[in-house]
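Heads up: numbering here begins at 1 and tracks the sequence. Read the numbers this way: they start at 1 and go in the same order the structure lists the ligands and their atoms.
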Amino acid sequence: MTEKLWQGRFEQPTNKQVEEYTASIHFDSRLYRYDIEGSIAHCRMLGECNIISHEDASLIVETLGQILREIERGQVDLSSSQEDIHMAIEQRLIQKIGEVGGKLHTARSRNDQICLDMRMYLRDVILQCRALVLEVQKALVHVAEQNMGVIMPGFTHLQHAQPVLLSHHMMAYYEMFLRDDERLQGCYKRTNVLPLGSAALAGTTFPIDMEYTARYLKFDGVVSNSMDAVSDRDYLIEFNATAAILMMHVSRMAEELILWSTKEFAFIEISDAFCTGSSIMPQKKNPDVPELMRGKTARVYGNLMALLTLTKALPLAYNRDLQEDKEPVFDTVDTVMSTLRLLARLLPEIRFHRGQMEEMAKEGFTLATDLADYLVRKGIPFRKAHHIVGQIVHHCIGEGKELDQIHLEVLKSFHKAFDADVFPFIQMNAVVDRRTSLGGTASSRVKEAMAKARADMERREAYLKS
Ligand code: ARG
């Protein structure tokens, strides 16, 4: 490493192993753009407030722009030059313009600088995540629309429960992702405040204008307490928690895709391009993509635990422990983004086996509730109707028949209220379409849900593009 910018009070050079152990440049270099943009804003503010001269401010701002371009062209080796990204950029600035460069760090500390970088980074990440969530939702709604009318067995306890529309099942995930998007919005709001000016922990004696810097960097506001600003990482934890919930939703869908592609279910087939083979079993076509989505969820949960544990019982204000917040966050960001991107591409690659789904929708006495409801409509109390249908199911098991296969005479022997109108009543489409309660699986409700989703997605898309 080159001469350190904080070397003044030290007699000995830093131990090599300590240098390696404390360095963060190999991961925080990913923040270079935010670090430079933040420094430009800070420097302009210093000039505006006459804390440094306008000429110095202009020179520093211009040089920071050059450094940004150098880095972007790969002309600066960030990997080993300095302890962290802040030092690397400041060092380069001083190399280029000499002592004047040393004025940039007036009225700030790396403690507030790193918070600024992370908040700026996270704002971008959140918007990108929101766009990807939207892509996944579009793919889901498309599947729902394309397969409108397909009936499948709905499950509870992974046992056949009642018939539902495949579209209703898909739209359930749409709703989950909608709440994930809301959580991302909430997180954005709390992230979008300027911490710069909090300096090391107590604020600064210089007459800075934090509101100027906030406006310049498009923050909605300024932090209220400098010690809070440099010590808390709740916005990062909140993002990771949001990501963990999002991945939990993804993992549930992934699990279903894996189950549904088994020979036992045979509800779907995922295209060859999105599956992989086995090195030993020539016949294999494996759903590795959803399996890894399910698997990568673990890493996002782990990162959340790491962040919570990192900050647990940590005294105020800044502690070097906090440097450890970055890798879990970056790993979560990379995992969530690549997963969502691939999920949006995977969904259109699924072929649904309508025949099999509809065949299975009838099996396992999925019409039993409706048979009981039939009796209820004829005035029999539900509890009694439930008992009678239980006996009919028992009878059917003995006969090896489904409920819609038994004769009216047999039904009548269980209760005299049964009549010929029972058969249209328990016909599969009728069973589904009668479930018109709010959020139910009736075609009419599902169509409403899809239309609402379309309108909502358009609104969000317009916002995210603006
Ligand atoms: N690399 C540090 C971090 O990520 C930046 C702040 C360092 N501050 C300090 N006083 N050493 O937290």
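- Residue contacts with ligand 1 for Lys326 involve side-chain atoms from C-beta outward but no N, CA, C or O (heavy atoms, distance under 4.0 Å).
- Side-chain N/O atoms of Ser443 and Asp433 include a donor and acceptor closer than 3.5 Å.
- Interface of Asp84 with ligand 1, defined as ligand atoms under 4.0 Å from a residue heavy atom, comprises 1 (N), 5 (C).
- Applying the ring pair (Phe, Tyr, Trp, His ring centres under 6.0 Å) test between His169 and each of Phe155, Trp260, Tyr174, Phe352 identifies Trp260 as the sole match.
- Residue Glu83 has no N or O atom closer than 3.5 Å to an N or O atom of ligand 1.
- Using modelled atom types and a 3.5 Å distance limit, the side chains of Asn240 and Asn303 yield no donor-acceptor pair.
- Side-chain contact annotation: Arg69 with Gln66, donor-acceptor N/O pair under 3.5 Å absent.
- Near Arg320, with a cut-off below 4.0 Å to any heavy atom, the atoms of ligand 1 are 11 (N).
- Each of the following atoms of ligand 1 lies closer than 4.0 Å to a heavy atom of Ser24: 1 (N).
- Considering only non-hydrogen protein atoms, atom 9 (C) of ligand 1 sits nearest to Asn111 OD1, 3.6 Å.
- Gln82 contributes no side-chain N or O that, together with a main-chain N or O of Arg92, makes up a donor-acceptor pair within less than 3.5 Å.
- Side chains of Gln113 and His42: a donor-acceptor N/O pair is absent below 3.5 angstrom, by distance only.
- On a distance-only criterion, Tyr318 and ligand 1 share at least one N/O pair closer than 3.5 Å.
- Under the 3.5 Å distance criterion, with hydrogens and angles disregarded, a donor-acceptor pair is assigned to the side chains of Gln185 and Asp181.
- Gln323 OE1, 2.9 Å is the protein heavy atom nearest to atom 1 (N) of ligand 1.
- Protein heavy atom at the shortest distance from atom 11 (N) of ligand 1 is Arg110 NH2, 3.5 Å.
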